[in-house]
Colleague: 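For reference, the structure I am asking about is given below.
Side chains included, hydrogens not; waters and symmetry mates left out as well; all remaining heavy atoms used. Per chain, numbering begins at 1; letters A, B, ... match sequence-line order.
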Protein chains: 2
Amino acid sequence: MNSTLHLRIRSNIQKQILSGSWPPGYRIPFEHELVARYRCSRMTVNKAIASLVSAGLIVRRRRAGSFVAEPRVQSAVLEIPDIRAKIEERGQTYSLQLLSRRRRKPAGRREYERTLAAGGDLLAVRCLHLANGRPYALEERLISLVAVPEAASIDFSLEPPGSWLLRHIPWTEAEHRIRAIDASEEEADLLELSSHRACLELSRRTLRGPEHITRVRLLFPGSGFDLVAHFAPLGK
Amino acid sequence: MNSTLHLRIRSNIQKQILSGSWPPGYRIPFEHELVARYRCSRMTVNKAIASLVSAGLIVRRRRAGSFVAEPRVQSAVLEIPDIRAKIEERGQTYSLQLLSRRRRKPAGRREYERTLAAGGDLLAVRCLHLANGRPYALEERLISLVAVPEAASIDFSLEPPGSWLLRHIPWTEAEHRIRAIDASEEEADLLELSSHRACLELSRRTLRGPEHITRVRLLFPGSGFDLVAHFAPLGK
DNA sequence: GATTAGACTATGTATAGACATTATTGCAGC
DNA sequence: GCTGCAATAATGTCTATACATAGTCTAATC
C-alpha cells in the first residue's frame, strides 16, 4: 500500500471505481464519512478527492456530493518526439539537410499564412532530417517574424528549427493534426520512397497566448515511423 | 484576475514561466517568501505550487527549493473518437457491417495473441463502420474471453464491439500506436479505395490492471480521417 | 584532499478549526 | 398544485500550527 495517508485514501477510492464497484454516477461517501472511516482530518480527505477530480475520475457538486465521473471520451497522451533525440536514442547518427530558407510575405490566398504572419513577414524553412544519412522526415515550417524576430538571424543548417524554437520560445498551446497521405512525386523523391508512398503527416500550430508562433508540417515515411500514445487514468 | 487566492498565486507564477521571465531551471521564490508576499498561509501557497507541479511546470527538491521544469518532451492529449459518435455528429448516418465473428484459440505463432488469451479462447471480430452507407473504417478486434466472458454471448452486428466494451468493461490502461500504411488488396477493396491506398492505422491494446482485455486495429482511409491532438500546459 | 557526521532548512504531510458558497430540500403561503 | 423563502448540508477556501523527511551545506575528521 502507499506510504502517505492521502495517497492511500485516493488509491482505495480509485480501486472501487476501476473495479466497477462504484459505477459512473455513483455517489461516493461524503467527506465527513471518509473522515470518520480513516480517522483523519477533512483536509486530508479533501486532498485525496481533489487529485481524483483533476484526474477526471470524480466530479463534485456542492451540497449534493461527489460522484464517479461518466467515462470520458477516449483520450490519450501522445508523445511527440524530438526527432533528433529519437534518432540518436536508437544509436543512429542524426544529420540535417537544409533545403531552402527564405523570408517572404504570406501567400494572399492562404488564410492561415496571413493569420500567422500577423501583418509582418514569414520565414519559410524546408529541411530534411536524416538518420544514418538516410531520409527520416521532411519538415516544412513557417515562422512568424512578428512573434519571433530573432529567427530571422538564425541559420537553420545546424540545429533544426523545431529544436531551436523549443529552446528559445515559450509557448502556451499547440494543436496537432495527424493524417495518412500519399507523398507527392517530389516528396517521395526527397524521402527516397519507391513503391510504398503512404506517409504519416503531422501538422502542428503553436501559439503563445493569442499570438501565432509557428506552423509545421512533418512528413514521415509510414514504414519507419510510429507514434505511441499512452493512457492511464492516473499518473503511475 | 482569478477569483480565489491560490488560483491567483498559481496564475501569477505561471505567467512568469510562460513569458520566459523565469526560464527553465530558475529557482522560484520559497514558500515562505510567497507567504510574505501574498500575506497568506503556507498551505495556500503550497496548493498553488502543487497544482503547477502536477501540470509539469515546476519540480520541487526538498531543502533546495522549487524550480521551473525543463521543457518536457512534446506531448499532447489525443482524442480518440468514438466512431459512431463522430459520424453522427457530422450529420451522417452510421451503420455497421459485421464481416466475421468467431471464437478461436490463439494463433500459436503470435506472441501477443497468447498473452491476450491468457490460456482461454479469443473472440475475433471483423467489421466495417459505414457513414452514409460508405466505408469509413475497418475494424479487426480480438477480445479475451477469459477477461470478458460476457462477450461470447453478444452479437456485434448492432453495436460495435468498441462501444459495447467501453460501456461494460472498466479498464485502467490503454496503449495506442499510430502508423501510416498502404492498404492491402483486400482492405482496399473493403474500404472502396481506388488509387490512394494510404491509410491511418490505429492499434490499441487495453488492460485492466495486469489483465489484457482486448486488442484492436482500426484502418481509416487517409483522406477521410484526422486525429486531432491538443496541448496546453494547464487546463483552461 | 577526500570522506563522513551532523546541523540546517525547504518541502511534505497532517491537524482542527473557521467561514464562504451554493445547491438542495422542505415548509409556508398563495 | 405551484411559488418562493429559509434552513440545511456538503463542498470550497483559508488559517495557524506541528512534526516528519530528505537534500544540502558545513565543518570536523581521516
Colleague: Can you name the closest pair of heavy atoms from Cys40(A) and Ile9(A) and give their distance?
Modeller: SG-CD1, 4.1 Å
Colleague: With a cut-off of 6.0 Å (strictly less than), are more than 12 heavy atoms of other residues, nucleotides or ligands near CZ of Arg27(A)?
Modeller: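 Yes, because the 6.0 Å sphere around CZ of Arg27(A) holds more than 12 heavy atoms from other groups.
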Colleague: Can you tell me how the ring of Tyr136(B) sits relative to the ring of Phe220(B), calling it parallel under 30°, perpendicular over 60° and tilted otherwise?
Modeller: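 Correct class here is perpendicular.
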Colleague: Let me know the distance between CZ of Arg62(A) and C1' of dC19(C), rounded to the nearest Å.
Modeller: 12 Å
Colleague: Using OP1 and OP2 only, check whether a side-chain N or O of Arg61(A) sits under 4.0 Å from dT24(C).
Modeller: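 Yes, within the criterion.
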Colleague: Answer yes or no: does a side-chain N or O of Thr44(B) lie under 4.0 Å from OP1 or OP2 of dT15(D)?
Modeller: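 Checking dT15(D) against Thr44(B), a side-chain N or O does come within under 4.0 Å of OP1 or OP2.
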Colleague: Side chain of Arg63(B) only, heavy atoms from C-beta on: which candidate in dC25(D), dT11(C), dA9(D) is closest?
Modeller: dC25(D)
Colleague: If you check every side-chain atom of Leu5(B), which of dA18(C), dC14(D), dT21(D) has the closest atom?
Modeller: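 The closest nucleotide is dC14(D).
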Colleague: Tell me whether the OP1 or OP2 atom of dT11(D) has a side-chain N or O from Arg60(A) closer than 4.0 Å.
Modeller: yes
Colleague: Mind calculating the distance between CG (Asn46(B)) and C1' (dA18(D)) to the nearest angstrom?
Modeller: 15 Å
Colleague: Taking it one step at a time, do Arg208(A) and Glu211(A) satisfy salt bridge (Lys or Arg N to Asp or Glu O under 4.0 Å)?
Modeller: CA-CA 5 Å; Arg208(A) 180 174 53 196; Glu211(A) 194 179 31; 3.0 Å; yes
Colleague: Go nucleotide by nucleotide along DNA chain D from the 5' end; which of Arg39(B) and His32(A) gets its closest nucleotide reached first?
Modeller: His32(A)
Colleague: Which residue is it: Arg60(A), Lys47(A), Arg37(A)? I am looking for the one with a salt bridge (charged side-chain N to carboxylate O under 4.0 Å, His left out) to Glu31(A).
Modeller: Arg60(A)
Colleague: Taking only the side-chain nitrogens and oxygens of Ser41(A), find out if one of them lies under 4.0 Å from OP1 or OP2 of dG17(C).
Modeller: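 No, Ser41(A) has no side-chain N/O under 4.0 Å of OP1/OP2 on dG17(C).
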Colleague: Does Lys47(A) place a side-chain N or O at less than 4.0 Å from the phosphate oxygens OP1/OP2 of dA14(C)?
Modeller: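 No.
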Colleague: To the nearest Å, give me how far apart CD1 (Ile58(A)) and P (dG12(D)) are.
Modeller: 11 Å
Colleague: Write down the distance between CZ (Arg8(B)) and C1' (dC14(D)), rounded to a whole number of angstrom.
Modeller: 12 Å
Colleague: Reading DNA chain C from 5' onward, which residue's closest nucleotide shows up sooner: Met43(B) or Pro29(B)?
Modeller: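 Nearest nucleotide further toward 5': that of Pro29(B).
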Colleague: Counting heavy atoms from C-beta on, name the nucleotide in dA14(C), dC14(D), dT24(D) closest to the side chain of Thr4(A).
Modeller: dA14(C)
Colleague: What nucleotide among dA14(C), dT13(D), dT11(C) has an atom nearest to a side-chain atom of His6(A)?
Modeller: dA14(C)
